[in-house]
Amino acid sequence: IIHMEHLPHSVTVQAVVPLADGKAYIGGEFTTVRGAVRNHLARLAADGSVDSAFDPGTGTNNHVECLAVQADGKLIVGGTFTSYDGTARNRIARIHPDGSLDTTFAPGAGPNGVVTCVAVQGDGRILIGGWFNTYGGVPRSYLARLLADGSLDPGFEPGSGASSGVLAIA
């Protein structure tokens, strides 16, 4: 259980994903957690301390809005950012359990607006929602499905999509 006193106080935590081992990923607007520099993304140990085994480097250059853990332990991160640890990643990235960027997840131009929610399907495909109307230049109104490599799933055609931003997805 993560208690509120273990979370950053000065700014918003947008997403929390608890792990089976008692640890938890957090994402949001913060730049430090309990004195440790963690730009918008951190993993906490079961006691609430910053887990130093997860090192995101410089992290994201803007807010993290949503998180999801894949079956293989990799973390999908969505938000308003345009880079992760100095590498271009438009609003969506996949992170190894040690905090390093998974470069095999290559979303290209990605979504043209904020990703507010993410869910990983049992087959490894990734659903994203938010305030975007294209993914890699292909029209997708607020909702898209990605293949495991981060590319747009051409087999998922949501038609005209949602009429407004998608804030939750399951």
Side-chain angles (χ1 to χ4, degrees), residues 13-21 23-33 36-45 50-140 142-158 166 169:
V13 172
Q14 294 290 113
V16 178
V17 177
L19 302 172
D21 62 2
K23 295 178 181 180
Y25 288 108
I26 60 172
E29 298 176 13
F30 56 86
T31 56
T32 62
V33 178
V37 175
R38 289 292 186 267
N39 288 319
H40 314 291
L41 182 65
R43 188 170 65 201
L44 303 179
V50 175
D51 182 355
S52 61
F54 179 80
D55 182 2
T58 58
T60 63
N61 67 338
N62 213 333
H63 305 160
V64 169
E65 300 286 326
C66 55
L67 303 168
V69 177
Q70 295 182 162
D72 63 3
K74 293 178 183 177
L75 180 67
I76 303 294
V77 180
T80 62
F81 57 89
T82 57
S83 72
Y84 182 85
D85 197 21
T87 300
R89 285 294 182 269
N90 285 330
R91 301 166 192 95
I92 186 92
R94 185 167 63 200
I95 313 305
H96 291 289
D98 67 359
S100 63
L101 180 67
D102 180 356
T103 58
T104 66
F105 184 82
N112 69 340
V114 64
V115 174
T116 58
C117 52
V118 61
V120 179
Q121 294 183 180
D123 63 2
R125 294 178 189 183
I126 302 158
L127 292 164
I128 62 170
W131 293 96
F132 55 86
N133 56 31
T134 66
Y135 188 93
V138 178
R140 288 293 183 269
Y142 312 111
L143 179 66
R145 186 169 71 186
L146 313 180
L147 298 174
D149 67 359
S151 63
L152 188 64
D153 182 352
F156 181 77
E157 177 52 61
V166 174
I169 198 165

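- Residues Pro111 and Ile92 approach most closely at CD-CG2, 3.9 Å, considering heavy atoms.
- Taking every heavy atom of both residues into account, Gly73 and Pro97 meet most closely at O-CG, 3.6 Å.
- Annotation for Asp123 and Arg125: closest pair OD1-N, 3.0 Å, computed over non-hydrogen atoms.
- In terms of heavy-atom proximity, Ala24 sits nearest to Val16 at CB-CG1, 4.4 Å.
- None of Asp85, Thr80, Asn39, Thr82 except one satisfies the side chain to side chain donor-acceptor pair (under 3.5 Å) rule with Asn61; the exception is Thr82.
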For Leu146 and Ile76: C-alpha separation, side-chain torsions, deciding distance, then whether side chain to side chain contact (heavy atoms under 4.5 Å, CB included) applies. CA-CA 11 Å; Leu146 313 180; Ile76 303 294; over 6 Å; no
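- With values rounded to the nearest 0.5 angstrom, Thr32 atom OG1 is found 10.5 Å from Arg38 atom CZ.
- Here the shortest heavy-atom pairing between Gln70 and Ile126 reads OE1-CD1, 3.8 Å.
- To the nearest 0.5 angstrom, Leu19 atom CG is 5.5 Å from Tyr25 atom OH.
- Sorted by first then second residue, the ring pair (Phe, Tyr, Trp, His ring centres under 6.0 Å) pairs that include residues 57-115, not counting sequence neighbours, are His40-His63.
- With rounding to the nearest 0.5 Å, the separation of CG in Leu143 from CG in Leu127 is 6.5 Å.
- Looking at Thr116, its side chain does come within 3.5 Å of a backbone N or O of Val166 through a donor-acceptor pair.
- We find the CG-OH distance between Asn90 and Tyr135 to be 9.5 Å, quoted to the nearest 0.5 Å.
- Expressed to the nearest 0.5 Å, how far CD1 of Ile128 lies from CG of Leu152 amounts to 8.5 Å.
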Yes or no on side chain to side chain contact (heavy atoms under 4.5 Å, CB included) for Trp131 and Tyr142, after CA distance, side-chain angles and deciding distance? CA-CA 5 Å; Trp131 293 96; Tyr142 312 111; 4.0 Å; yes
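- Arg140 places a side-chain heavy atom less than 4.5 Å from the side chain of Glu157.
- Taken to the nearest 0.5 Å, the CD1 atom of Ile95 stands 10.5 Å off from the NZ atom of Lys74.
- Listed here is the closest heavy atom pair of Leu101 and Ala93: CD1-CB, 4.1 Å.
- Panel note: side chain Arg94, backbone Gly150; no donor-acceptor pair is recorded below 3.5 Å.
- A search for side chain to side chain contact (heavy atoms under 4.5 Å, CB included) contacts involving Asp51 returns Lys23, Arg43, Ala53, not counting sequence neighbours.
- Counting heavy atoms from C-beta on, the side chains of Thr103 and Thr87 never come closer than 4.5 Å.
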